[in-house]
Structures are given as structure tokens and as C-alpha cells.
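What follows is a set of notes on a single structure, which appears directly below.
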Amino acid sequence: MNTSRFDSLWLRAGGTSDGAMVIINILADHYNESHRSYHTAEHIEHCLRTYDQAALELGANDAVEMALWFHDLVHMPGRADNEARSAEQFRSLSNGQLTTHFMEAVERLIRSTQHLTLSDNLDEQFVCDVDLSGLAKPWDTFIADTHLLRQENEASDNATFQAGLRHFFNHLLDRPHIYGASWFRARGETTARKNIKRLLTDMEFLWAHK
């Protein structure tokens, strides 16, 4: 993980370099947990690269960037409260170091990555769109990511895993847009929808022997 980048962000948010060093080590430990296959440091790095591209038009936003670093800090397959627990962990780690206003904004953004609704809030759109940007990768990369998700959820049987995936993806397809910001819609909406529909059609054959 990019230590110098995180240090700069933490300092801009009002923290100290000593604090940043402690936090980045905690982040690295979490994202390197042995049970993770998709929600790893690589996913965070992808999110930050996408954020950098989008920020050229949407504008840099330290709260959005901070939320991206922390949004998958806690990840236990099968649990519905990972985002809430990640937000709580961010609050615990940053309390006394960052301003209350900034912490509250980041907590809200982390919680929004549960993707329950298509938010009207521009900051929430930004962080959620970045998190979902992988849905618009080329098919081979998209399906490779899906296999990583299956590996991460190896404790679930096929029926349970596929039901969860179908529920989430159909929820996204039922929305007027997958992506909230026009920048992301222009670049990814069509491909993301094609990928999801193809996956839903082919899903029963993908893990036939697991």
C-alpha cells in the first residue's frame, strides 16, 4: 500500500505522521488477511487509481479518498454489517486525531458503500461509483474478480453464494442507473450492465463442481 500517499492524506485531514504510520500498518494487516481474495489491498489500489482519474473532473475530495482506504477494513464473508463495522473501526482509529466533522463525513461515506440506494449526495455517489467501477472492467477481468469473490466465500455452498450474488446484482439492475455520477455512467454503465446480465445468465455453470 502507498504509505506516502496515505501519510499525505492523513496530514491534510489534520492527523500526524506518527499517527499515519500506525494506521497504515493496521490497514495493511487487515487487507492482507488470509481469508481475503477480492477485498484486498489490490482492490483498494484499483479504487484509488479510479478515484484519481475521476477526480480530474469531479474534483479531489479528501473525505471520499479516506473512505476508500477504509471502506473494506472489516470484511467477513456472509456478514451484512461489514460496512458499518468498518465505519466504526475508522471512528475508533481516528478519534482524537481528526476533526469530528471530517470523521462523521467519512463514516457516512463508508456506510454508503453497502449500496442500498442510489444516493442523491454527490460525495456518496463518488465513493460508491468508485467501489463499483470494477463491474465495468473487460469481461475476462470482471469474471476473474467474480471467481475471487467465490474463493473468498468458500465456506458458502453454491446455492447460497449464487443467491446472494443474484440479489445484489438484480438490485443494481433495477435501479435507473448503476452509477450515480455522469462521469462513471458515460464510461461504465453499458459495460457494467452487460457484464452483470451475462453473469446472471451463465452463473449456474460457473461453479458447477464446487
Side-chain angles (χ1 to χ4, degrees), residues 1-13 15-55 61-98 102-103 106-107 109-115 126-138 140-156 160-161 164-165 168 207 210:
M1 305 188 82
N2 191 329
T3 301
S4 62
R5 175 172 185 155
F6 183 78
D7 183 72
S8 296
L9 175 63
W10 197 255
L11 289 173
R12 291 199 303 273
T16 65
S17 288
D18 287 344
M21 183 62 68
V22 172
I23 301 299
I24 191 65
N25 288 333
I26 292 172
L27 286 167
D29 286 345
H30 278 264
Y31 289 117
N32 287 324
E33 289 170 336
S34 60
H35 69 272
R36 296 182 186 237
S37 300
Y38 175 78
H39 294 93
T40 63
E42 184 175 349
H43 171 60
I44 302 304
E45 290 163 2
H46 165 78
C47 286
L48 292 172
R49 288 193 300 272
T50 303
Y51 164 84
D52 287 341
Q53 295 168 5
N61 186 314
D62 285 345
V64 168
E65 183 178 350
M66 189 72 77
L68 291 171
W69 280 94
F70 282 88
H71 77 284
D72 286 325
L73 181 65
V74 177
H75 183 78
M76 292 302 296
R79 293 194 60 137
D81 61 348
N82 286 316
E83 293 81 9
R85 294 170 69 208
S86 294
E88 291 166 1
Q89 185 81 322
F90 167 75
R91 162 73 72 162
S92 177
L93 292 170
S94 60
N95 193 30
Q97 299 190 57
L98 309 183
F102 186 80
M103 287 192 298
V106 174
E107 285 185 85
L109 293 173
I110 293 171
R111 292 175 188 274
S112 75
T113 62
Q114 195 172 358
H115 307 293
F126 197 171
V127 74
C128 287
D129 287 355
V130 170
D131 190 31
L132 295 177
S133 62
L135 301 179
K137 291 178 181 179
D140 287 347
T141 308
F142 168 81
I143 200 62
D145 283 348
T146 308
H147 284 300
L148 291 176
L149 284 172
R150 182 66 184 103
Q151 182 177 331
E152 199 171 70
N153 288 266
E154 62 180 358
S156 299
T160 301
F161 175 72
L165 215 55
F168 179 70
W207 300 286
K210 290 187 180 292

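Quick caveat, the model's predicted, so the values are computed rather than measured. Values below: all heavy atoms of this structure, side chains included; hydrogens, waters and symmetry mates excluded.
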Applying side chain to side chain contact (heavy atoms under 4.5 Å, CB included), can you list everything that pairs with Ser86, at least two apart in sequence or on another chain?
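Ser86: side chain to side chain contact (heavy atoms under 4.5 Å, CB included) contacts with Leu73, Val74, Ile110.
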Contacts of Ser34 that satisfy side chain to side chain contact (heavy atoms under 4.5 Å, CB included) - sequence neighbours left out
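Ser34 satisfies side chain to side chain contact (heavy atoms under 4.5 Å, CB included) with no residue once adjacent residues are dropped.
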Distance, nearest 0.5 Å, that separates [atom1] of [X] from [atom2] of [Y]:
X	Y	atom1	atom2	answer
Glu107	Ser94	CD	OG	7.0 Å
Asp131	His115	CG	NE2	3.5 Å
Leu9	Ser4	CG	OG	11.5 Å
Arg5	Glu45	CZ	CD	10.5 Å
Leu148	Ile143	CG	CD1	10.5 Å
Met1	Asp29	CE	CG	10.5 Å

Within the 4.5 Å heavy-atom criterion, are [X] and [Y] side-chain neighbours or not?
X	Y	value
Asn82	Asp72	no
Met103	Gln97	no
Phe6	Asn2	no
Leu68	Ile44	no
Trp69	Ile23	no
His46	Ser133	yes
Ile24	Leu27	yes

Please check if the number of heavy atoms outside Glu42 that lie under 6.0 Å from its CD is greater than 12.
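Check fails, neighbour count at 12 or below.
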Test His39 against every option in His71, Glu33, His75 by the side-chain hydrogen bond (donor to acceptor under 3.5 Å, both in side chains) rule and name the one that passes.
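Running side-chain hydrogen bond (donor to acceptor under 3.5 Å, both in side chains) over His71, Glu33, His75 with His39 returns exactly one hit, His75.
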Backbone of Ala41 reached by a side-chain donor or acceptor of Arg36 within 3.5 Å
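Not confirmed, Arg36 side chain does not pair with Ala41 backbone.
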Examine distances only and state if a side-chain atom of Arg150 and a backbone atom of Asn153 form a donor-acceptor pair shorter than 3.5 Å.
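Indeed, once roles are kept as given, a pair shorter than 3.5 Å links the two residues.
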Taking all non-hydrogen atoms of both residues, which atom of [X] and which atom of [Y] are closest, and how far apart?
X	Y	result
Leu11	Gly15	CD2-O, 3.3 Å
Ala80	Gln114	O-NE2, 3.4 Å
Cys128	Ser112	SG-O, 3.1 Å

In chain order, what residues pass the salt bridge (Lys or Arg N to Asp or Glu O under 4.0 Å) check against Arg79, with sequence neighbours excluded?
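With sequence neighbours excluded, Arg79 shows a salt bridge (Lys or Arg N to Asp or Glu O under 4.0 Å) to Asp81, given in chain and number order.
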Could you pull out all residues at least two apart from Phe102 that satisfy ring-ring contact (aromatic ring centres under 6.0 Å, His included)?
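Partners of Phe102 by the ring-ring contact (aromatic ring centres under 6.0 Å, His included) criterion come out as none, since no residue qualifies.
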With Tyr38 via ring-ring contact (aromatic ring centres under 6.0 Å, His included) - residues at least two apart:
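Expected list: His43.
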What is the ring orientation for Trp10 with Phe90, classed by angle as parallel under 30°, tilted 30 to 60°, or perpendicular over 60°?
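Geometry flag for Phe90 against Trp10: perpendicular rings.
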Please identify each residue that fulfils side-chain hydrogen bond (donor to acceptor under 3.5 Å, both in side chains) with Ser17, with sequence neighbours left out.
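By the side-chain hydrogen bond (donor to acceptor under 3.5 Å, both in side chains) rule, Ser17 matches Asp7.
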Begin with the C-alpha distance, continue with both residues' side-chain angles, and end with the deciding distance and a verdict on side chain to side chain contact (heavy atoms under 4.5 Å, CB included) for Val106 and Leu98.
CA-CA 11 Å; Val106 174; Leu98 309 183; over 6 Å; no
Using the rule given for side chain to side chain contact (heavy atoms under 4.5 Å, CB included), can you reason through Phe161 versus Leu149, listing the C-alpha separation, both sets of side-chain angles and the distance that settles it, and then say yes or no?
CA-CA 9 Å; Phe161 175 72; Leu149 284 172; 4.3 Å; yes
